[in-house]
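Quick caveat: nothing in here was measured; it's all calculated off a predicted structure. Just so it is clear: chains get the letters A, B, ... in the order the sequence lines come, proteins before strands, and each one is counted from 1.
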Number of protein chains: 2
Amino acid sequence: MSATLQTVADALGVSRSTVSNAYSRPDQLSPALRERILETARELGYSGPNPTARSLRRGRVGAVGVLFTGSLTQAFTDPYAVQFLGGLAQATERRDTGLLLVPLSADDPDGAQRALAEAAVDGFCVYCAPNWQGSLAVINARSLPVVTTENPTEAGAATLVVSIDERGASRTAGEHIVGFGHRRIAVLDTWVTTERRNGPVRLPDPESLPFYISRERICGVRDAVVAAGGSWSDVLVLNARDNTRADGAAAAAHALDRAQRSTAILATTDVLALGVLDAMAARGLRPGHDVSVTGFDDIPDADRSGLTTIHQPSTEKGRIAGELLLDAPEDPALRRKVLPTSLIVRSSTGPAPVGSSS
Amino acid sequence: MSATLQTVADALGVSRSTVSNAYSRPDQLSPALRERILETARELGYSGPNPTARSLRRGRVGAVGVLFTGSLTQAFTDPYAVQFLGGLAQATERRDTGLLLVPLSADDPDGAQRALAEAAVDGFCVYCAPNWQGSLAVINARSLPVVTTENPTEAGAATLVVSIDERGASRTAGEHIVGFGHRRIAVLDTWVTTERRNGPVRLPDPESLPFYISRERICGVRDAVVAAGGSWSDVLVLNARDNTRADGAAAAAHALDRAQRSTAILATTDVLALGVLDAMAARGLRPGHDVSVTGFDDIPDADRSGLTTIHQPSTEKGRIAGELLLDAPEDPALRRKVLPTSLIVRSSTGPAPVGSSS
DNA sequence: GTACCCTTCTAAATCGATACAGTAGACCGG
DNA sequence: CCGGTCTACTGTATCGATTTAGAAGGGTAC
């Protein structure tokens, strides 16, 4: 069944090299012979050089690995992730490079490590995974280029980074909220605790959070609150089971249904924030009047829903990540990029309701 | 820099085979030696067998290719697609197999074909792409297993298929609608025409549509209408630019804003249907009263929005596709599976408004 | 006619591993 | 002490291509 270069070469009485050239370097042989070779190949059912063999010889695979925490479904549920991946794909496609999804299942750490060690790729993109099950160590051992969108500190010195000022951006949202006079504030995030449930969490010190993005975004809010004379201990911390709209709504219920209802809920992702809006709609609460809500990412749905949020250039982030990975600059200064963000004010935020100051 | 099996073997004075066995077949050597080998490897910075070389020798790559039409962003915008992929990932992960995304850019047919010919994979999954740029021909030439969720007829005899009865399912939705007395009916789909715009389209004969899913779902509606004594020419056909909520809303506007407003809009995907609901909300129209709306797929948001739709087991479809691909049964009867669907009636459908019969 | 170049093709080395057959030595029963 | 069976390891062929240096043949310049 499986024909090889040699098969075709033998059939025509030419050398293997020539057949190879017919596919990979057309300028190295006469057009006439090339045509005969391709013709013969077609007859023999030979569909071109074996990609694996070619990769071995060339030392280039033509794919980059994309790491995921948790299930793939979950990883793609967030439109931010999808946009980022779209950008990444744009960049890699231009260089004839594919994207290999490498799921890191939490149930099976060994399997995850094996998957990383055995993935045939030219580099890795770590975009939504914290240092999961020692995955970074495995990756670094392979001495392949790695680009991450997260933790610039935890990443090795050789790692490529494209990031945003998570803490500063989040602080902007916090300042926007305290500027409106809000004092009963809640922050909503995923996996603030290892218990996977929807509800309030005690978090004495947000600096101690292990997950970079959670830590930075929550600390940003804290900074704004403290700068305005407030105290971190007054901020209600809510955990959502997963980064989904439904879990956002369920977790937000705890802030909305208690006696002293929070007047502002700052979610660390738009998906969660939209869940908050869902929960409010179910209770007849008006965004921006009864309760103010902010998100993070500025996904397309945010605009539709009038959600005040932090815009970050998701697609561009992916594109740049891809370019860095495939064309890693030597200059250390060029190996780390920080992209701008901006606060987008829409209708989901407004002045604190009167009489809510207590 | 790059250590190989041989490097490690030489350093220890053992044979290359033994080092290989230390990684791949631990039972073939004494635990003590194995430990020494792994230790030495670590010191030399050798991170395990080169995946490409291993693939070549083993004849198995450990990845399956997933084909996309259009941009990756678009392919992942539909929760149905994400669920399907999640199921696929479940099945492949269990077999230590990764997912390689292969984008088929419309701009660059040659690039798309090259990507297919050069993808290092053990099989292909074609799940949302029609026969794009002759992609099926390229794939078939490689004589790798292929699974598709679509067109059972266009697919070669060797192709694995996991599908649903698209036409029958869609007809069920149509019967539900005509059963409610609706006669001013619109169908909404993506790419009914090659012009990419939102709005009405003349479609004398739906059987002539080139895209399988569009054709089948639309014909299903037609069958229901005709069976109820109606005529296809009375059905308004709307095209949405892309399969997005926003485009669904924009296209639906044409059915909602005209003098003789459609009393029912049957969308071929939930995403489009949710767009229709958006458009209705913007106009103060009540789903199930003023206008009935149906979707297709039963994505999570459908439930939240009270959308009547056709449920299909998306995740399971992906899982089965993965299993078929990695464990293709010989028996032709087992190579094609048809999964059940069901009509889920929610609040977005109801009796035609009185006096709408003209 | 010789020297030189260009085009077109070939031969051999190489990429980094795995599979399989085979060997050396230990151990055991009789 | 011999045949037989294990265990632990080695040697060689092989997977399917690319690459490099170089050879054959024809053409051109002087």
Side-chain angles (χ1 to χ4, degrees), chain A residues 1-38 40-41 44-62 96 114 117-122 142-144, chain B residues 1-38 40-41 44-62 96 114 117-122 142-144:
Chain A
M1 191 64 246
S2 62
T4 73
L5 271 189
Q6 190 72 67
T7 320
V8 179
D10 292 348
L12 272 165
V14 300
S15 84
R16 185 164 69 238
S17 320
T18 303
V19 181
S20 173
N21 284 333
Y23 285 93
S24 307
R25 294 160 62 166
D27 56 314
Q28 294 295 304
L29 71 170
S30 66
L33 177 55
R34 178 171 135 93
E35 202 36 68
R36 271 174 57 216
I37 290 178
L38 297 183
T40 309
L44 291 173
Y46 177 73
S47 59
N50 177 309
T52 308
R54 163 181 289 201
S55 295
L56 175 59
R57 184 60 241 240
R58 287 197 171 161
R60 175 177 182 279
V61 177
D96 286 327
R114 209 176 45 238
E118 296 183 1
V121 295
D122 297 316
R142 293 190 55 179
S143 54
L144 290 175
Chain B
M1 188 69 242
S2 62
T4 73
L5 270 189
Q6 190 72 65
T7 319
V8 179
D10 292 348
L12 272 165
V14 299
S15 84
R16 185 166 69 239
S17 316
T18 303
V19 180
S20 172
N21 285 333
Y23 285 94
S24 308
R25 292 159 64 166
D27 57 312
Q28 294 294 305
L29 70 173
S30 66
L33 177 56
R34 178 173 134 94
E35 202 38 67
R36 272 175 57 218
I37 290 178
L38 296 183
T40 308
L44 292 173
Y46 178 73
S47 60
N50 177 308
T52 308
R54 166 181 286 203
S55 295
L56 175 59
R57 184 60 242 235
R58 286 196 170 162
R60 175 178 181 278
V61 177
D96 287 326
R114 209 176 44 237
E118 295 182 2
V121 294
D122 297 316
R142 292 191 56 179
S143 55
L144 290 173

_Using a heavy-atom cut-off of 4.0 Å across all strands, would you classify B/Y23 as base, sugar-phosphate, or nothing?_
nothing
*Distance in Å, B/R114 CZ paired with A/D96 CG, rounded so as to fall on 0.5 Å steps*: 4.0 Å
*Report the residue (B/L56 or A/D27) whose heavy-atom-nearest nucleotide on DNA chain C is the more 5′ of the two.*
A/D27
*Tell me what A/L5 touches on the nucleic acid: a base, only sugar-phosphate, or nothing, going by heavy atoms under 4.0 Å.*
base
*Euclidean distance, atom CZ of residue B/R57 to atom C1' of C/dG16 [Å, nearest integer]*: 12 Å
_Distance check needed: C/dT14 P versus B/Q6 CD, whole Å only._
13 Å
*Tell me which nucleotide among C/dC9, C/dA17, D/dC9 gets nearest to the side chain of A/L29.*
C/dC9
*asked:* Please tell me if A/S15 has a side-chain N or O lying less than 4.0 Å from either OP1 or OP2 of C/dT10.
replied: yes
*asked:* To the nearest 0.5 Å, what is the distance between OG1 on A/T18 and OH on A/Y23?
replied: 13.0 Å
*Base, sugar-phosphate alone, or nothing: which one does B/S24 contact when heavy atoms must sit under 4.0 Å apart?*
sugar-phosphate
*Can you check whether B/R16's main-chain N or O pairs, donor with acceptor, with B/S20's side chain at less than 3.5 Å?*
no
*Starting at CZ of A/R58 and ending at P of C/dA17, how long is that distance when rounded to a whole Å?*
20 Å
*Give the rounded distance in Å between these two atoms: CG of B/D10 and P of D/dT10.*
12 Å
*Between A/R25 and D/dT19, is there a side-chain N or O to OP1/OP2 distance below 4.0 Å?*
yes
*Would you indicate what B/S17 reaches in the nucleic acid, counting non-hydrogen atoms under 4.0 angstrom: base, sugar-phosphate, or nothing?*
base
*Is A/R142 reaching over with its side chain to a backbone N or O of A/A119, donor-acceptor style, under 3.5 angstrom?*
yes
*Distance in angstrom units between A/Q28 CD and D/dG22 P, rounded*: 16 Å
*What is the distance, rounded to the nearest whole Å, between atom CG of B/L12 and atom P of D/dA8?*
17 Å
*Give a yes or no on whether the backbone of A/P51 and the side-chain of A/S55 come within a donor-acceptor separation of less than 3.5 Å.*
yes
*Which part of the nucleic acid does B/R16 contact within heavy-atom distance under 4.0 Å: base, sugar-phosphate only, or nothing?*
base
*asked:* Main chain of A/V61, side chain of A/D122: is a donor-acceptor contact present, judged purely on distance under 3.5 Å?
replied: yes
_Between C1' of C/dT8 and CZ of A/R36, the distance in whole Å_ = 13 Å
*Let me know, please, whether B/A53 or B/P31 comes out on the 5' side of the other along DNA chain D by nearest nucleotide.*
B/P31
*With a non-hydrogen cut-off below 4.0 angstrom, is B/S55 in contact with a base, only sugar-phosphate, or nothing?*
nothing
*Within less than 4.0 Å of OP1 or OP2 of C/dT10, is there a side-chain N or O belonging to A/T18?*
yes
*asked:* Rounded to whole Å, how long is the line connecting atom CZ of B/R60 with atom C1' of D/dG16?
replied: 19 Å
*asked:* If you only use heavy atoms from C-beta on, which nucleotide in D/dC9, C/dA19, C/dC9 is closest to the side chain of A/S30?
replied: C/dC9
